[in-house]
Amino acid sequence: MTMRNGIELLVRRVSAIPQHSISSSIHFLPQFCTSSASPSSKLFIGGLSWSVDEQSLKDAFSSFGEVAEVRIAYDKGSGRSRGFGFVDFAEEGDALSAKDAMDGKGLLGRPLRISFALERVRGGPVVVPRLGKSKRDRERIFK
DNA sequence: GATGAGCGT
């Protein structure tokens with residue numbers, strides 16, 4: 001568990017909690033909830049044409065830097081594209097410039113919707129911690 | 001031969 005993984009996990013847990021009920025010490029968190037500001041080398045690519053495959057997606061982004069991984073979400077049954085995918089860059093800066101340059105731009109006639117990818121959760125359902133009113137209870141979510 | 005926001009077989 002890296003520090004950032006821990007923080008992102010924490011963000012996903014507290015994002016469902018009304019902000020006014022949370023201590024002021026974590027009011028900075030919403031900036032991580034906005035996909036546009038989340039620092040990552042992996043991009044979520046939405047708005048893909050059904051006919052875009054992983055090879056053409058990689059070709060469309062490889063001019064911005066070394067592409068470490070490309071995935072397209074396919075329907076389990078039919079095998080058709082679900083219209084979104086992921087592009088992971090070796091360098092975070094390349095991911096940012098690719099996002100800035102390609103977000104809203106067309107690929108095969110469809111405008112791309114690009115944001116930074118959420119961390120894929122490899123466990124079960126996320127458990128939302130129950131917050132109390134005491135300071136000690138609030139600090140429990142940092143463990 | 002379909003569909004159009006979303007976060008991955």
Side-chain angles (χ1 to χ4, degrees), chain A residues 1-133 137-143:
Chain A
M1 171 69 72
T2 66
M3 172 70 83
R4 213 185 72 199
N5 286 344
I7 291 176
E8 289 175 354
L9 256 178
L10 172 63
V11 167
R12 301 188 76 169
R13 293 181 183 204
V14 302
S15 59
I17 302 170
Q19 196 178 326
H20 59 72
S21 70
I22 303 176
S23 155
S24 61
S25 61
I26 55 175
H27 279 177
F28 68 92
L29 283 172
Q31 72 182 280
F32 294 106
C33 300
T34 69
S35 50
S36 59
S38 185
S40 169
S41 65
K42 183 176 282 194
L43 299 176
F44 168 85
I45 315 290
L48 291 176
S49 168
W50 315 122
S51 57
V52 172
D53 60 12
E54 292 178 345
Q55 184 56 44
S56 53
L57 187 59
K58 178 172 182 176
D59 291 345
F61 283 84
S62 52
S63 64
F64 298 95
E66 182 187 343
V67 174
E69 183 189 15
V70 176
R71 297 304 313 174
I72 284 183
Y74 291 101
D75 184 82
K76 217 177 311 182
S78 66
R80 295 196 320 276
S81 167
R82 291 170 61 189
F84 67 89
F86 302 86
V87 174
D88 194 2
F89 283 88
E91 289 287 338
E92 285 187 7
D94 292 336
L96 179 59
S97 44
K99 175 185 181 302
D100 289 342
M102 296 294 284
D103 193 12
K105 307 288 282 196
L107 180 62
L108 268 43
R110 305 280 313 185
L112 263 29
R113 304 166 42 83
I114 304 183
S115 52
F116 288 103
L118 276 36
E119 183 183 358
R120 180 159 49 172
V121 174
R122 5 83 304 178
V126 174
V127 177
V128 177
R130 303 211 63 77
L131 296 185
K133 288 188 163 46
D137 283 344
R138 291 194 302 264
E139 289 170 350
R140 287 179 60 241
I141 68 173
F142 289 103
K143 293 198 161 79

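Proteins get letters first, then strands, A, B, ... in listed order; numbering begins at 1 in each.
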Legend entry - Between CZ on residue A:Arg120 and NZ on residue A:Lys42, distance to nearest 0.5 Å: 6.0 Å

Legend entry - Contact check, side chains of A:Leu112 and A:Leu48, non-hydrogen atoms, under 4.5 Å: yes

Inset, instruction - Let me know the distance between CD1 of A:Ile45 and P of B:dA5, rounded to the nearest Å. - result: 17 Å

Inset, instruction - Write down the atom of A:Ala98, the atom of A:Ile114, and the distance for their closest heavy-atom approach. - result: O-CD1, 4.5 Å

Legend entry - Spacing between A:Arg80 atom CZ and B:dG6 atom P, to the nearest angstrom: 20 Å

Inset, instruction - Decide yes or no, distance alone: a donor-acceptor N/O pair under 3.5 angstrom between the base of B:dG8 and the side-chain of A:Lys42. - result: yes

Inset, instruction - Compare side-chain N and O positions of A:Arg82 against OP1 and OP2 of B:dT9 and report whether any pair is under 4.0 Å apart. - result: yes

Inset, instruction - Look at all strands and tell whether A:Gly47 reaches a base, only sugar-phosphate, or nothing, counting heavy atoms closer than 4.0 Å. - result: base

Legend entry - Interatomic distance, A:Tyr74 OH vs B:dT9 C1' [rounded to whole Å]: 11 Å

Legend entry - Selection from B:dT9, B:dT3, B:dG6 that lies nearest to any side-chain heavy atom of A:Phe44: B:dG6

Inset, instruction - Figure out the CZ/P separation between A:Phe86 and B:dG6, and round it to whole Å. - result: 14 Å

Inset, instruction - Round to a whole Å and report the spacing from CD of A:Glu119 to C1' of B:dC7. - result: 12 Å

Residues 74-90 of chain A, side-chain donor-acceptor partners within the protein, below 3.5 Å, at least two apart:
{"residue": "A:Asp75", "atom": "OD2", "partner": "A:Gly77", "partner atom": "N", "Å": "3.1"}
{"residue": "A:Asp75", "atom": "OD2", "partner": "A:Ser78", "partner atom": "N", "Å": "2.9"}
{"residue": "A:Asp75", "atom": "OD2", "partner": "A:Ser78", "partner atom": "OG", "Å": "3.1"}
{"residue": "A:Ser78", "atom": "OG", "partner": "A:Arg80", "partner atom": "N", "Å": "3.3"}
{"residue": "A:Ser78", "atom": "OG", "partner": "A:Arg80", "partner atom": "NH1", "Å": "3.4"}
{"residue": "A:Ser81", "atom": "OG", "partner": "A:Gly83", "partner atom": "N", "Å": "2.9"}
{"residue": "A:Asp88", "atom": "OD1", "partner": "A:Ser41", "partner atom": "OG", "Å": "2.8"}

Show me the side-chain donor-acceptor pairs of residues 56-65 of chain A shorter than 3.5 Å, one per line, residues at least two apart or across chains.
{"residue": "A:Ser56", "atom": "OG", "partner": "A:Asp53", "partner atom": "N", "Å": "3.1"}
{"residue": "A:Ser56", "atom": "OG", "partner": "A:Asp53", "partner atom": "O", "Å": "3.0"}
{"residue": "A:Ser56", "atom": "OG", "partner": "A:Asp53", "partner atom": "OD1", "Å": "2.6"}
{"residue": "A:Asp59", "atom": "OD1", "partner": "A:Gln55", "partner atom": "NE2", "Å": "3.0"}
{"residue": "A:Ser62", "atom": "OG", "partner": "A:Lys58", "partner atom": "O", "Å": "3.2"}
{"residue": "A:Ser62", "atom": "OG", "partner": "A:Asp59", "partner atom": "O", "Å": "3.4"}

Inset, instruction - Could you tell me the separation between the CG atom of A:Asp75 and the C1' atom of B:dA5, rounded to a whole number of Å? - result: 15 Å

Inset, instruction - Check the geometry between A:Trp50 and B:dT3 and answer yes if their rings are stacked (centres below 5.5 Å, planes below 30°), otherwise no. - result: yes

Legend entry - Ring-base stacking, A:Phe84 with B:dG6 (5.5 Å, 30° cut-offs): no

Inset, instruction - Find which nucleotide of DNA chain B each of A:Ser81 and A:Arg71 is nearest to by heavy atoms, and output the residue with the more 5' nucleotide. - result: A:Ser81

Legend entry - Minimum-distance nucleotide to A:Arg110 side chain [options: B:dG4, B:dG6, B:dG8]: B:dG4

Inset, instruction - Check the distance between B:dT9's P and A:Glu54's CD and give it to me in whole angstrom. - result: 12 Å

Legend entry - Separation of B:dG8 P from A:Glu69 CD (nearest whole Å): 14 Å

Inset, instruction - Would you mind telling me which of B:dT3, B:dC7, B:dT9 lies closest to the side-chain atoms of A:Leu118? - result: B:dC7

